[in-house]
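Only this structure's heavy atoms are used, side chains among them; waters, hydrogens and symmetry mates stay out. Treat the numbers as computed from the prediction; the structure is a model and nothing was measured. Atoms within a ligand are numbered from 1 in the order they appear, just like the ligands themselves.
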Amino acid sequence: MKIAIGSDHVGYELKPTIIDYLEELGHEVTDFGPYSAERTNYPTYGEKVAEEVSSGNFEGGILICGTGVGISITANKVKGIRAVVCSEPYSAKLSKAHNNTNILAFGSRVVGSELAKMIVKEWLDAKFEGGRHKTRVDMLKDIEERQTM
Ligand code: RB5
């Protein structure tokens, strides 16, 4: 899978561990920054990664900030994005199976690196189930259309 990754300065330290793990699993990863731990702002990187996923350049995105909250809210502002913030693997798995999420976010101040890897693995391995869940995801798309007219 082609995966776009980004963070803010708080998530920056955990990012290389996640990139290495994704590459170990055979994924192709592009890091959209930041490239240093200098103080920055999560909306900058959340938007970059979300645009790359929304435009179809990448099949999925991973975002890391302190809690995962700010950066996932940012990603969800971009059309076509369904981003989830997770601190345990069950929600990560179901967010793909039921909600067809295309971006996973988590917080480096919330989860340790091993738990983060477990969350990533469950999310990547899960498949969208379609059926009644597709009806609901289509309803989300309708809301997006109505709200951006
Ligand atoms: C930065 O201090 C912090 O607010 C950010 O990393 C994130 O947790 C925001 O949601």
Side-chain angles (χ1 to χ4, degrees), residues 1-25 27-128 133 136-137 139-148:
M1 216 171 139
K2 275 185 78 184
I3 298 174
I5 193 165
S7 68
D8 71 354
H9 55 293
V10 183
Y12 174 75
E13 213 175 300
L14 178 56
K15 196 168 52 172
T17 305
I18 301 302
I19 293 174
D20 287 351
Y21 182 60
L22 289 166
E23 288 176 345
E24 260 171 47
L25 293 174
H27 299 286
E28 194 185 315
V29 189
T30 303
D31 182 2
F32 285 90
Y35 306 112
S36 83
E38 196 179 319
R39 185 181 296 272
T40 182
N41 304 300
Y42 59 79
T44 306
Y45 303 95
E47 184 180 16
K48 272 191 196 183
V49 167
E51 277 179 344
E52 292 293 336
V53 173
S54 169
S55 64
N57 291 339
F58 289 82
E59 295 159 84
I62 294 191
L63 292 170
I64 317 168
C65 66
T67 57
V69 173
I71 209 154
S72 60
I73 290 174
T74 306
N76 278 316
K77 299 283 180 203
V78 176
K79 199 167 178 187
I81 294 302
R82 289 173 305 283
V84 63
V85 54
C86 287
S87 51
E88 39 72 30
Y90 179 79
S91 302
K93 178 180 175 152
L94 270 287
S95 81
K96 181 75 79 63
H98 290 187
N99 316 109
N100 202 15
T101 48
N102 46 15
I103 290 190
L104 170 70
F106 45 85
S108 63
R109 287 174 172 160
V110 181
V111 297
S113 58
E114 292 309 306
L115 182 54
K117 287 196 257 179
M118 215 178 266
I119 290 167
V120 165
K121 180 85 167 63
E122 286 296 325
W123 186 71
L124 289 170
D125 286 351
K127 297 273 170 288
F128 182 48
H133 301 297
R136 294 161 186 162
V137 171
M139 288 171 74
L140 297 180
K141 288 180 190 156
D142 291 345
I143 292 171
E144 191 172 65
E145 287 302 326
R146 285 202 301 276
Q147 296 296 326
T148 51

Any N or O of [X] closer than 3.5 Å to N or O of ligand 1:
X	result
Thr67	yes
Asp8	yes
Gly68	no
Gly70	yes

Test item: [X] and [Y] side chains (from C-beta on) under 4.5 Å apart, heavy atoms:
X	Y	result
Leu63	Ser72	no
Glu47	Lys77	no
Arg109	Val10	yes

Report task. Anything under 30° is parallel, anything over 60° is perpendicular, the rest tilted; go ahead and classify Phe58 against Phe32. Result -> perpendicular

Could you find the nearest protein heavy atom to [atom] and give me its residue, atom name and distance?
atom	answer
atom 2 (O) of ligand 1	Arg109 NH1, 3.8 Å
atom 4 (O) of ligand 1	Tyr42 CE2, 4.5 Å
atom 7 (C) of ligand 1	Cys65 SG, 3.4 Å

Query - Under 4.0 Å to a heavy atom of Val10 - the qualifying atoms of ligand 1, by number - result: 1 (C), 6 (O)

Report summary line: Numbered in order shown, the ligand 1 atoms found under 4.0 Å of a heavy atom of Gly66 are 5 (C), 6 (O), 7 (C), 8 (O)

Query raised in the report: Would you call Lys117 and Glu114 a salt bridge, taking side-chain N to carboxylate O under 4.0 Å as the test?
Result: yes

Query raised in the report: Distance only, no hydrogens: is a donor on one side chain within 3.5 Å (strictly under) of an acceptor on the other, for Ser55 and Asn57?
Result: yes

Query raised in the report: Roughly how far apart are Ile5 CD1 and Ile103 CD1, rounded to 0.5 Å?
Result: 11.0 Å

